[in-house]
Amino acid sequence: MPAIPGALGEFETLLLLAVLHLTEQKQEAYGSAIRAEIEWRAGRDVPRGSIYVTLDRLEEKGLLVSREGGTSAARGHRPKRIFKVTPTGVRAVKSAVTAVSRMQRGLEAVLSKA
Amino acid sequence: MKRDLLWLVVERRLRQSVPPKHLASTLGDLAEDYARRLASGGRIRAGRWLIREARSLARAYRAALAMGAETKRLMLIDDVRHAWRRLRARPGQSIVCAGLVALGIGLSTAMFSVVDALLLQPAPFRDPDRLILQGLFRPEPAVMEAWRSTGMFEAVEAGSHATFRLEDEGGRTWPGALVTPGVFDMLGVRPIRGRMFGAADARTDARDVVVLSEIVWRSTFGGDADVVGRRIRLDGALVTVVGIMPASFRFPTPVTVAWRPLDPASAPTAGFRIYGRLKRGIARAEADARVSAIAIQMAYRPRSYRRSPPIATVGEVELGAFTPPALWLLLGGVVLVFVVLCSNVCSLLLAHLSSRRREFGMCTALGASRARLMRQAAAEHLCLAALGTAMGIGLAWSLTAVAPDIFLGRTLNPVDIDVRALAAASSLGVAAVVLAGLVPAWMGTRGDPLESLRGTRQVGAETRMARLATRGLLVGEIALACSLLVGSALLVRSFVNLVYADRGLNVDGVVRVGLGGLDHAFPRGQAMALATAAIDAHVAAWPEVSASALSREIPPLMYATGRARVTAGPGATSESEVEVESDLYRVSAGFFPIYGIPIVRGRLFGPGDSEQDVIIGERLARLLWPGEDPLGRTLAFGRAEPRQVIGVAREIELPTLDHELDRPELYTPLGSTARTLFLNLRCRAACPNEATMRARLASVHPVITARMVPSSEDAYQSHLQLPRATAQVGGLFAIVALVTAAGGLFSVLTYAVGRRRRELGIRAALGASPAQMRHLVVREGMTMVAPGLAAGLLGGWIVARSLAALHYGVTAADPVTWVGVLGTILITSLAAAWRPARQAMRVDPVTLLREE
């Protein structure tokens, strides 16, 4: 069982979750779709550069894998780069999310006021 | 979507920052979103959006790239710092390892450099493969003409060794050469100052010029720029310096530092050589055949004379028969030493494998990644190797700096550090250190870290792999050291035999004086014969002199003077022709008693003897008339008049490994055409000095000059120089290998005793006596020494057999050598095991239990 290299940052967690969501919905998780997913679910407009660079880094860490997908005329016949979360990635997300939910336990009252 | 200008700009911008493999998909995503914007918000807004997006992408990628590089840099610095700390934590081990690597790199690079300069590199001239030479013993301009007429040569030149005495500057004598003017052009060399000889310089009336080497220019004239054009006094005559050659240019001998022009038509001396540059495309063999044919046709070399090829490449001839096998041997030796040193470094590093493995296991358990740990281990050992390499380069440099002292005079090439050898030796050394360093890291980070922590806790446990590796390497080291020891012991024995060999004559106390100017004083043969008799009588009357003799040659001769086909008469048939290369001594009768050479048969030269009467050495007698009485027999040199044997002298031996140099002797009375003569003197107390002798001889004739020549002992010693150097270097290699192997044994045993303290303590508690404990450790040592010794003796036998050419008075089966080597290895091993064994004896179970 390979070790999880370091803890995930918040933005990394968001990205992985977005990819998981798209995959769950049987949609293609590529750059634009991931960005739209984060915008729609988290209500955040994230700079495109940050998304792409972070996707590359997560792939390097082995939390994501990418493959070439289909093209279309709208894309100028350029391929999509479609991401999928690896099992290690899933564990990393789980661990990050668990940590957050454990940390907020007992703070429900404070957090709900905000 | 149209590919408009905006898209071209965006594409170009992203091409500079986005990694190429992701460029298409990134542009695709942008295009897709852009199309959506275009549909909803119009062209201008979409365009602005596109530019913003592209800028964001470019910035993010650039920032990521910069951060990655910075991280890598920081990690590198961190690794190097960590490595340095680790090395400093164990200074002893680090210094020993680096020192061993340095020794290996230094010794092997220096040795390779010497071999390269002496044996591998061609002579340092333009197209050296096409330069050939032929040695002659008489000046033969006709031979040069014949060479030229073959049309095979671009140039045909001649040269001869000579000695020049610079009289202005403290009277130093420099080895020089007489050369035909075209020699420099033929070799393709240029002067650093002034000019080379021109065709006019060889004319008899214009020969008062000299070209000096930079060496003479700097040492004698202090590098004075105005020396070109200056008149200097050389051998009593005023000559003009016309040019300075670079210090690296030495020709025709490796010590030549001055050149004067030579006119082949009036060439004077022996040792004359013809040099030719073959035209492009002319094969060596073809030239060889033609040149041999010319030699036979010109009758200066007999038909049946087959020794050594008639032509040689320039630079090939200086080595003699001893140097090449000796150098190849030493090269082989240094390779073995290198292997021993590297194995020792490996075994030293691997001896601590268990503890290192545990350490790495602990780091892994604490969360360090394997790649990181491997990188750290690599950095640590790279630092160690770099330290060793730096020291090794220094050592190689200092060794090659002293090499010319031993090997100058044997090669025309400069002895410089051979960069290829340095690179090869360094990379092998570095590889050995890094590999040995990575093994524990690899094992320690493999599998469950807890396993490697647990594995080493058991009593006396050393991992099987560590045990096998260190002991295997040690056995190999002992074997190689043993082989080297056998080889070098035989070399040393040969050298000692050479020094104490019976030379067959006694040169102690014989003073030799060169007499010159005789041909000027007595140009006519008859007068000369009378003059020599007069000198002989004059010198014999000197009060200090107890014995004296005149001779044209003095022992030992450096080259054969009587080289001919000899017909043993009377009634000679072609079957009785024998080819001999002999040392011809033309001597007065006093020569034999003064050098203590007894006449074993027949008689000495008497007053009535002519040049047709000869005394021969025992070896020549055996060669010409085996089993018969040589007295009264005749022998003929080529087509010359037959000569009669009147006596047989005891053989003179030249103790040398180059058997071709030890030739049979032939003595004739002094001829009547001597240009130079040597005066051999034995004095009651001290001999008169040079000036006194010159003054006294002036009374015979004022033109006669007298000059002391080096003693025979010096000449004999010069034959010992290379055997001595070979024995010394070989001995050094053997000692390095032996000490290294002993050190390896010591450290492995010390480490083993340290690890087995608990076991030893238990044994002591159960009643084992100190002697038994000592026996335990010594036995462990001997389990490594015994197989090493067995393999080493086998290797030693192979080494000894392959060295046969370098043996003098010993055989490969020399019992003294073998017993000595066996004893040395055993005693050294016992000495190495002694301290660890003492440590084992001192293990106190009570203290140990308390510690636990």
Side-chain angles (χ1 to χ4, degrees), chain A residues 1-7 9 11-12 15 18-19 22 27-40 44-62 64-84 88 95, chain B residues 1-4 6-8 10-11 13-14 17-39 49-68 71 363-373 445 447-449:
Chain A
M1 188 172 93
I4 300 162
F11 186 56
E12 287 175 331
L15 270 181
V19 175
L22 288 167
Q27 287 182 30
E28 289 177 326
Y30 62 103
S32 296
I34 295 168
R35 191 182 185 200
E37 188 72 17
I38 292 175
E39 200 174 344
W40 183 67
R44 281 202 206 170
D45 183 15
V46 193
R48 185 179 292 267
S50 309
I51 292 187
Y52 284 70
V53 168
T54 311
L55 284 172
D56 285 356
R57 190 167 66 238
L58 289 172
E59 190 174 15
E60 248 169 55
K61 284 188 187 174
L64 282 177
V65 282
S66 70
R67 61 178 173 86
E68 276 198 2
T71 66
S72 65
R75 299 177 58 83
H77 301 289
R78 294 180 179 99
K80 286 175 183 165
R81 185 171 163 220
I82 297 165
F83 292 90
K84 196 181 151 214
T88 321
S95 143
Chain B
M1 184 202 59
K2 275 186 288 180
R3 287 180 58 84
D4 53 22
L6 183 64
W7 268 103
L8 283 178
V10 166
E11 229 183 287
R13 176 142 199 193
L14 292 186
S17 43
V18 178
K21 59 177 177 180
H22 303 324
L23 184 66
S25 62
T26 309
L27 282 170
D29 288 0
L30 263 183
E32 199 180 309
D33 290 352
Y34 177 69
R36 221 171 281 139
R37 294 264 160 179
L38 208 57
W49 174 87
L50 183 62
I51 289 170
R52 223 171 31 240
E53 293 293 290
R55 194 182 295 148
S56 152
L57 275 169
R59 258 191 216 143
Y61 269 110
R62 267 205 300 270
L65 201 69
M67 201 150 93
T71 313
C363 290
T364 313
L366 290 174
S369 80
R370 184 176 197 180
R372 179 80 209 232
L373 285 175
T445 53
D448 184 2

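Convention: sequence-line order gives letters A, B, ...; per-chain numbering from 1.
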Open item on the list: Please report the interatomic distance CG(B/L57) to CZ(A/R48), rounded to the nearest 0.5 Å.
Closed with: 6.0 Å

Open item on the list: To check you understand the geometry: which heavy-atom pair defines the closest contact between B/A60 and A/S50, and what is its length?
Closed with: CB-N, 3.9 Å

Task: Short N-O contact, B/D29 and A/R75, less than 4.0 angstrom - done: yes

Open item on the list: What's the separation between atom NZ in B/K21 and atom CD in A/E68, rounded to the nearest 0.5 Å?
Closed with: 11.5 Å

Open item on the list: When you measure from the side chain of B/S25 to the backbone of A/P79, do you find a donor-acceptor pair of N or O atoms at a distance under 3.5 Å?
Closed with: no

TODO: Please name the pair of heavy atoms, one in A/P47 and one in B/S56, separated by the smallest distance, quoted to 0.1 Å.
DONE: CB-OG, 3.7 Å

Open item on the list: Could you check whether A/R35 pairs with B/E32 (Lys NZ or Arg NE/NH1/NH2 to Asp/Glu carboxylate O, under 4.0 Å)?
Closed with: no

Open item on the list: Heavy-atom cut-off 4.5 Å, strictly under: side chain, backbone, both or neither for B/T26 against chain A?
Closed with: both

Task: Selection from B/H22, B/R59, B/R52 maximising heavy-atom pairs under 4.5 Å formed with chain A - done: B/H22

Open item on the list: Counting only heavy atoms from other residues, nucleotides and ligands, does the tally under 6.0 Å from CD of A/Q27 exceed 12?
Closed with: yes

Open item on the list: Please evaluate residues A/Y52 and B/V18 with respect to the criterion side-chain contact (heavy atoms from CB on, under 4.5 Å), reporting the C-alpha separation (whole Å), side-chain torsions for both, the decisive distance (0.1 Å), and the verdict.
Closed with: CA-CA 9 Å; A/Y52 284 70; B/V18 178; over 6 Å; no

